[in-house]
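Report on the following structure.
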Protein chains: 2
Amino acid sequence: MAALRDVAKKAGVSASTVSRVINRPDTVPTTTKSRVLKAIKNLNYHPNKFAQRLRSHNVDRKLVGLLVPDIQNPFYVDVVKGVEDYCFERGYAVLMGNFMQDEKKGQMYLEVMQSEEIDGLIVAPIQEHHKTISQFKEKKIPIICIDRGLKNIDVDVVLVENEEGAYQAVDHLVKQGHIRIAYVGGIPSIPTTLEREKGYSQALLDNGLNVDDELIKYGDSTHLSGKELTEELLQLKDRPTALFTGNNLITLGALETIHKHKLHIPGDIAIIGFDDMPWSISLNPPLSAVSQPGYDIGKRATELLFQRISDPKRSPVKVVLKTKLILRESG
Amino acid sequence: MAALRDVAKKAGVSASTVSRVINRPDTVPTTTKSRVLKAIKNLNYHPNKFAQRLRSHNVDRKLVGLLVPDIQNPFYVDVVKGVEDYCFERGYAVLMGNFMQDEKKGQMYLEVMQSEEIDGLIVAPIQEHHKTISQFKEKKIPIICIDRGLKNIDVDVVLVENEEGAYQAVDHLVKQGHIRIAYVGGIPSIPTTLEREKGYSQALLDNGLNVDDELIKYGDSTHLSGKELTEELLQLKDRPTALFTGNNLITLGALETIHKHKLHIPGDIAIIGFDDMPWSISLNPPLSAVSQPGYDIGKRATELLFQRISDPKRSPVKVVLKTKLILRESG
DNA sequence: TTGATTTATGAAAACGTTTTCACCCTATAA
DNA sequence: TTATAGGGTGAAAACGTTTTCATAAATCAA
């Protein structure tokens, strides 16, 4: 509760001097400085952020916004951790929003973040053009996109070789002798879903197989949708012998359905999922997966963000991280 | 960038009137009001939070702090979701801190939250008395504890019947004929670890078994520690035939070690974990677990928080939620 | 010495709100 | 009619900082 003026009074100086001690210590002689410093400590004085911010808009908020599509998805948890660790090292806090692929919710968070005047935003955008996100750009608030970029706006982005990753997984599957391989995708409107589908199709084509639309399913990137889509696939008269699943949660859902049908993996049906998980090895059977470096993605994004904060006019970069196909026993 | 005064000028009224339109609309006649409202919309005016807050300290921040020990732990993810959903419904944002059971990190977040003047704090405290958290209490910032309370301070708390939950699991294990049942615990200084151990011991005692210190292990509540502790247990000359694991991450670690040793579950060794997970059913074998209602915990905690925000002097309550033993195939 | 420069400091304005107070009206009561 | 009570409004102060500007004191050059 102690204010600047209290410190000033206690130290027998003016408010200006106290402010100088805090913000430009080298402009005030040591003797005065020490007196002020003592008073500050004595009164346990902390500058009021709101007053500071009101007066000079360019003081850092030490706050970065992070907007993720689904915190239940272990992949994003890794991203969050990467962001958080990096921020922590630099004394920044994270204002997190989990928008559940929900336009409204994302919107609300963006508004809050705007009015909180965050120093920068890291976001996995649900659409490639987004009005509110563009507002950030206009307001000169740095944005970093992960997982997918933004149309019409030039932003830094860190993403992963989705097509390549999918290709490798599916290619492996056909090399194992599978002919009917299904793709259980996520939300069809998001780029990652499409890119992975592209890799999937290309791998089939390159191996002389044709792509069968019946075997390509889209959902909403959740556990439940993984379950349901897999169910549909298993009902097919000519059912697939292998599944390539579009993300973590879908994979888990698929697994559940497969187990419900008492099918043997990979004997009856093989499965490779996009996204590895720390416990993939403890699944039944240990899951083969395309691993994305979630933690690194978060870390790189934050790195980029801080670079942009300190130099707003550098030209936007695109960081593409590699995926890794991890073969265990499911496919 | 439009400020109150711009709106005032455009609407041909004074700043006071604009402010009144915003804060106490019923005190200004409709004709004036609509003129002002139009100007607001026209200029896309948003009140500056910092000025608002500076001027009147009692305006809500619409910000709640959430401090969780480990976001990698799916249980806490559920809690986070519960908190977030409830906050979202009420137009509040969440300032999240993930302190990784790390004193320093937690401290830093608490400081940030203090200077951000959050409306309230939800925290799973690492120790039962915590100086900085007490400061919140002094500053009249509402606190809700989850998972464990605070010594010396009377706060609202929502927790789970840890002892009872553990008891049921272990009791079930001995009813299955197990004699040597180990407890793979988390950080020994946190109450949940101890309470679960108490339930474990009691169940043994009540069934006429004695508790063998050799079979009680403590670690740091992580995946890695689950792996290592289980390894130690398996090295014992008289190895346990069943494991009761103290949390999600530990369970997963234990599973990994058991699989590494090519042991059959539950044939060679049974396992029941504290905390259920959405994909427990897809584990090898489907995991039996003591399920905690993480989402509900988050929701209830937030409910309590809002109640306390609106009525700071109500007497603190303790909400105790039940656990549920879910039997699948691992024990 | 004197005038010019530098150093140390304080007074006051500004940031964008909310809120108190006082004012001027018009409508009502006497 | 005159006094009274509100209703509607604006001026100005306040919140706690930062920053500009001015001034006084101290240092320097001649």
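Proteins come first, then strands; the chains are lettered A, B, ... in the order of their sequence lines, and each starts at number 1.
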Subject >> Interatomic distance, A:R35 CZ vs C:dT9 C1' [rounded to whole Å] >> reply: 11 Å

Original post:
Are any side-chain N or O atoms of A:D119 and backbone N or O atoms of A:L63, one a donor and one an acceptor, separated by less than 3.5 Å?
Top reply: yes

Subject >> Distance, rounded to the nearest Å, where B:R5 contributes CZ and D:dA13 contributes P >> reply: 16 Å

Subject >> Out of D:dT17, D:dT18, C:dG16, whichever nucleotide has its closest atom nearest the side chain of A:L54 >> reply: C:dG16

Original post:
If you check the A:N48 side chain, which of C:dT19, D:dG8, D:dG16 turns out closest?
Top reply: D:dG16

Subject >> Presence of B:Q52 side-chain N/O under 4.0 Å of C:dT18 phosphate oxygens OP1/OP2 >> reply: yes

**OP:** Please examine the side chains of B:Y92 and B:D60, heavy atoms only from C-beta on, and report whether any two atoms are closer than 4.5 Å.
**Re:** yes

Original post:
Any side-chain N or O of A:S14 less than 4.0 Å from the OP1 or OP2 oxygen of C:dG10?
Top reply: yes

**OP:** Give a yes/no answer on whether the side chain of A:S19 brings an N or O atom under 4.0 Å of OP1 or OP2 in D:dT17.
**Re:** no

Original post:
Any side-chain heavy atom of A:I133 sitting closer than 4.5 Å to one from A:P125?
Top reply: yes

Subject >> Donor-acceptor pair (no angle test) under 3.5 Å: A:R55 side chain, D:dT18 base >> reply: yes

**OP:** Quick one: label B:V59 by what it contacts on the DNA or RNA (base, sugar-phosphate, nothing), any heavy atom closer than 4.0 Å.
**Re:** nothing

**OP:** Give a yes/no answer on whether the side chain of A:T17 brings an N or O atom under 4.0 Å of OP1 or OP2 in C:dG10.
**Re:** yes

**OP:** Could you work out which one of D:dT18, C:dG16, C:dT20 sits closest to the side chain of B:R20?
**Re:** C:dT20

Original post:
Of the candidate nucleotides D:dG8, D:dT18, C:dT17, which contains the atom at the shortest distance from the side chain of B:P47?
Top reply: C:dT17

Original post:
In whole angstroms, how far is the C1' atom of D:dT9 from the CG atom of B:L4?
Top reply: 14 Å

Subject >> Side chain of A:S16 (C-beta onward), nearest among C:dA12, D:dG16, C:dT17 >> reply: C:dA12

Subject >> Protein-nucleotide distance (B:R53, atom CZ; D:dG16, atom C1'), rounded to Å >> reply: 13 Å

Subject >> Whether A:Y86 and A:F306 hold their rings parallel, tilted or perpendicular, with breakpoints at 30° and 60° >> reply: parallel

Subject >> B:T27 side-chain N/O to D:dG7 phosphate OP1/OP2 under 4.0 Å >> reply: no

**OP:** Taking the side chain as every heavy atom from C-beta outward, state whether B:T30 and B:K33 have any pair of such atoms under 4.5 Å apart.
**Re:** yes

Subject >> Minimum-distance nucleotide to A:A3 side chain [options: D:dT17, C:dT18, C:dA8] >> reply: D:dT17

Subject >> Phosphate OP1/OP2 of D:dT18 contacted by A:N23 side-chain N/O (<4.0 Å) >> reply: yes

